[in-house]
Amino acid sequence: MLDKAYDPKAVEDRIYEMWETSGAFKPESYDPNGEPFTISMPPPNATGQLHLGHAVMLALEDIFIRFARMQGKKALWVPGTDHAAIATENVVIKQLKDGGMKDPRKELGREKLIAKIAEFVEGSKNTIRGQVRKMGSSCDWSRERYTFEPALNRCVNEVFCRMKNDGLIYRGHRIVNWDPKLQTTVSDDEIEYKEEKGVFYTFKYGPFEIGTSRPETKFGDKYVVMHPKDKRYSKFKHGETFDAEWINGSVRATVIKDECIDMEFGTGVMTITPWHDKIDFEIAERHGLEKEQVIGFDGKLLEIGGEFAGMKIEEARPLIVEKLKSKGLLVKSDENYMHNKAVSQRGGGAIEPQIKLQWFIDVNKEVVPWEVKGGRGGKKGKEMMSLKQIMHSVVHHGEIEIIPDRFSKTYFHWIDNLRDWCISRQIWWGHRVPVWYKGEETIASAESPGEGFEQDPDTLDTWFSSAMWTWSTLVDTKLAADNSLSLEDILKSSPDFQTFHPTSVMETGYDILFFWVARMILMTTYATGQIPFKTVYLHGLIRTRDGAKMSKSHPETMIDPLDMISKYGADALRLSMIVGQSPGADSRLYEEKIAGYRNFINKLWNASRFVLMQCEQAGIDPKSIDKLPETAKLSLADRAILHALEILIEDVTKGLETYALSETGEKLYSFTWDTFCDWYLELSKGTANHAVLVHVLRRLLILLHPYCPFITEELWSQVSSTQDGMLIAKAWPKVKEDRKDQQAFADFQILIDVITAIRKLRTDQNVEPGTEISITLVSKKYCEGLESQEAHIRRLGKVVSLTITTDSVKLANAASAFLTDIEIHLSLEGLFDPAKLKASLEKEQAELTKYVQVLGGKLQNKNFVDRAPKELVDGEKAKLAEAEEKLVKIKERLAAI
RNA sequence: GGGCAAUUAGCUCAGCUGGUUAGAGCGCCACAUUGACAUUGUGGAGGUCACAAGUUCGAAUCUUGUAUUGCCCACCA
């Protein structure tokens, strides 16, 4: 017999191990002819801990994959981890520094540092693996991958070289976002803007006045730019020069006219610093101007700063202003200037734009053959497109569906503004740029082309390799190790790639739509000619109860999924994150919510326990039950619950197919608790139909399994039929139309009304415990249910024998409307408390009067009667008549008191 | 500056394409409870659906505007 309360700790690890060792996560264990269904797990960073974001992702994907598996599909979920270039390198460097090392990069050198990081990652991966298992994730561990393993490195090198040969990868001097703290470039998307109050200075510059919030960059400024149509400055000609007194003496400046200048802002004139500003850089490029570096990569001023050289920006700024002021060049300063400061998302340090020689992916070059679904402009067949165009096309033409749809708009907007992607990073941990130099020669190749060649020291942006994740994880590792094969050959002969790609659904947070999802589309369409996935399901952020972001800097706001699992169980945690969370929207999580679902899990446990006890008492082995009795032998309640069950199967199947997880979860919750436990099990306390009990419970366990796999699997082992195997591999039920019985279900609800009325009578009229009440029921149909109810009533109120009352309006209503074949006689003489009865009748009267008024008014509205659908009007009329009739009866009864 | 969303009970949220007297969970109040379950049961209180105008026989739902909040993108020297 089961324990009184469900103990997840005693169950979860054991069940998980049983699944894993049995091969239940492997698609090979199922019908080889099943339709393939694939999910690539977004690889958690190999830096450490599982957080709630991962937990949500794992729960959602596990539901998708379990449902697909039970539907008979060949379901594959590929797990893995990400080497997370910058993030990981930072963590290890910090650890080494904490351990007393001053500059780990210098002291260890490239090879040794990489070895240290690799060692750290190995340990960390194990932690993550264990935590992913704790969530119940049914992924195929035999196919686990890592973004930095040899096979994936091979893919990276192959794609890089191909892109380079196609002219899609180029090297050039561009303004990049330089992070002086981390000593590397970061991409546009890795920058955050923080609003900050600063000072806006206006200086005299020759005959002009110029504004700036960054005087420290102004040393090398020797161009003044203004709008060609600005009348204030029409006397100055483009290209004319003048001398101006400036920070460190006089400079020769040139006038430039450019349309990008906003005449409204400041004085309408600015000087430019092409080395340290994207816009200035573009102006300089347009007019072929000189560019000069002012700030070094260490964030300190260079030689050009004269007396300020070697100083940090923050130190130098006030001194520079002071100097300009003493020279009489400071016109004014506005202390309340709000501006946005660029900050590195990872390192938190200020971003300094710099010109650097970097590798880029060209997103506008139209050299990739691609066939637009449905034909672009009526054309069929492949045509040359740019990466940007392909990314747009596959979503625009519905080859890839984004859920929720509104993110498609955001996606298009992002694509429209997409610039070339800077892919080189100045760190050591990551895929090294496969380019070799020897004098003037530059060769793209994975291996050294020969003597005297040196490899580019940079590594690739971590998203470059994760962008290949859906397919690089399906590549056969042995084939990938064979250097005589081309990437195309490898893909062609990799069975997993052939079977499981494109993947079915990509589930991830909306915050990495651009970082990752968009880049997977870019990289995969280019490299494989296939889309990476058919559906993108985006989940929202989990926030605190107050709607704040959970952040590491405020540990008290963090909910640790592993804590919650050990406290409430993985099933409860999963439900609490899924129900109430709609795609693309943030949701809030707090402990009470998780506890609520723990209660639900326990309720399910006890309901099963009850079923087992009933069987035991009747001497029936639940495992031997394998079919339902004939319909003729079923009671009304049986037929009603079977009907409700079929409807539930229909709803849940449809809900899971359309990714409506929250709604479906709620339906399962309410069926389990309200319908199964509170109605059917209560009724079963008198006369139980064991076959039906077991049948409904089994079905319910199947339907609940994707949501809460552990408890359902555990209970399944108790109630499943002997020929059934594990629940994880059980076939999803099909809806049986002949089990639907709408009439029985409606009648059953009346029965519930009757029960409610009895209970109400007991409280309202204060029936003493032990009082004998007589009842006459004529319909056999309803007697069945009521007899069994007697036990329950006894337990509740110690009423010796059962009574039904027409005092209840609800019951009178029900009786007159549906119970045409029964008569209910009541005798409750001497049992009423007249005052209480009066009060309850009056209350009912008031409610009804209000109802009648509303309804009456509506029906007197000519427009409503004329224009609303006829059935609706008739329905309303009938209801009004019914309500009025009831009112009359209540009046009579009140008069009688 | 551009875009996207949200605003419904004390709290967290449902309410799909307009149609009964607007729902659930938690919390609160009352009562009950020794045979599945106190991780429980029954009942109750609590809402001019942010505001305004419009469309309609009928609006939480559609339109427009306003306010507040959140997010994304761009960024001004």
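Just so it is clear: chains get the letters A, B, ... in the order the sequence lines come, proteins before strands, and each one is counted from 1.
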What about [X] and [Y], are their ring centers closer than 6.0 Å?
X: A:His392; Y: A:Phe412; result: yes
X: A:Phe281; Y: A:Trp275; result: no
X: A:Tyr205; Y: A:Phe203; result: no

In whole angstrom, give me the gap between the [atom1] atoms of [N] and [M].
N: B:U17; M: B:A6; atom1: P; value: 12 Å
N: B:A45; M: B:C37; atom1: P; value: 31 Å
N: B:G54; M: B:A59; atom1: C1'; value: 11 Å
N: B:G41; M: B:A36; atom1: P; value: 14 Å
N: B:C16; M: B:A60; atom1: P; value: 12 Å
N: B:C76; M: B:C4; atom1: P; value: 24 Å
N: B:A50; M: B:A9; atom1: C1'; value: 15 Å
N: B:U48; M: B:U8; atom1: P; value: 12 Å

If I take atom [atom1] in residue [X] and atom [atom2] in nucleotide [N], what distance separates them, rounded to the nearest angstrom?
X: A:Ile512; N: B:C71; atom1: CD1; atom2: P; result: 19 Å
X: A:Glu282; N: B:A74; atom1: CD; atom2: C1'; result: 13 Å
X: A:Lys549; N: B:U69; atom1: NZ; atom2: P; result: 18 Å
X: A:Phe407; N: B:A5; atom1: CZ; atom2: C1'; result: 9 Å
X: A:Tyr568; N: B:C26; atom1: OH; atom2: P; result: 15 Å
X: A:Asp866; N: B:G58; atom1: CG; atom2: P; result: 13 Å
X: A:Asp586; N: B:C72; atom1: CG; atom2: C1'; result: 12 Å
X: A:Lys593; N: B:G27; atom1: NZ; atom2: P; result: 14 Å

For the side chain of [X], counting heavy atoms from C-beta on, which of [options] is nearest?
X: A:Glu666; options: B:A36, B:A14, B:U42; value: B:A14
X: A:Phe610; options: B:G41, B:C4, B:A36; value: B:A36
X: A:Phe864; options: B:A14, B:G19, B:C71; value: B:G19
X: A:Tyr590; options: B:G41, B:G19, B:U12; value: B:U12
X: A:Arg543; options: B:G19, B:G70, B:C72; value: B:G70
X: A:Asn602; options: B:C37, B:C4, B:A36; value: B:C37
X: A:Arg609; options: B:C4, B:A36, B:G19; value: B:A36
X: A:Phe514; options: B:U42, B:C73, B:A36; value: B:C73
X: A:Tyr851; options: B:U42, B:A36, B:U21; value: B:U21

TODO: Please check if the side chain of A:Ser662 supplies one atom and the backbone of A:Gly580 the other of a donor-acceptor pair under 3.5 Å.
DONE: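 Confirmed, A:Ser662 side chain pairs with A:Gly580 backbone.
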Base, sugar-phosphate alone, or nothing: which one does [X] contact when heavy atoms must sit under 4.0 Å apart?
X: A:Ser608; result: nothing
X: A:Ile279; result: sugar-phosphate
X: A:Arg214; result: nothing
X: A:Arg598; result: base
X: A:Tyr6; result: nothing
X: A:Lys879; result: base
X: A:Asp262; result: base
X: A:Lys862; result: nothing

At less than 4.0 Å, is any side-chain N or O atom of [X] found next to OP1 or OP2 of [N]? Yes or no.
X: A:Trp673; N: B:A24; value: no
X: A:Arg545; N: B:C11; value: no
X: A:Arg406; N: B:C4; value: no
X: A:Asn599; N: B:U40; value: yes

- [ ] Verify the distance criterion only: is there a donor paired with an acceptor across the side chains of A:Tyr6 and A:Glu714 at less than 3.5 Å?
- [x]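 No, no side-chain donor-acceptor contact under 3.5 Å.
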Open item on the list: Is it the case that the side chains of A:Lys218 and A:Thr271 hold a donor-acceptor pair, with the cut-off being a distance below 3.5 Å and no angle test?
Closed with: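 Side-chain D/A pair, A:Thr271 to A:Lys218: present.
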Task: Considering all heavy atoms, the nearest A:Met270-A:Ile272 contact - done: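 So the two residues come closest at CE-CG2, 3.8 Å.
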TODO: Identify the heavy atoms of A:Ile320 and A:Glu216 that sit nearest to each other, and give their distance.
DONE: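 The pair with the smallest heavy-atom distance is CD1-CA, 3.7 Å.
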Across all strands, who's sitting opposite [N] as a Watson-Crick or G-U wobble pair, both distances under 3.5 Å?
N: B:U39; value: none
N: B:A67; value: B:U7
N: B:C76; value: none
N: B:A60; value: none
N: B:G23; value: B:C13
N: B:U55; value: none

- [ ] For the pair A:Phe600 and A:Tyr597, name the ring-plane relationship: parallel under 30°, tilted 30 to 60°, perpendicular over 60°.
- [x]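 Judged by the thresholds at 30° and 60°, the geometry between A:Phe600 and A:Tyr597 is perpendicular.
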Open item on the list: Counting distance alone, no hydrogens or angles: does the base of B:C37 have a donor or acceptor under 3.5 Å from a partner atom on the side chain of A:Lys603?
Closed with: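 Indeed there is one.
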Open item on the list: If you assign each of A:Phe200 and A:Trp414 to its closest nucleotide in RNA chain B, which residue comes earlier from the 5' end?
Closed with: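 It is A:Trp414, whose closest nucleotide lies nearer the 5' terminus.
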Task: Given RNA chain B, 5'-ward residue of the pair A:Phe600 and A:Tyr669, judged by closest heavy atom - done: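 That would be A:Tyr669.
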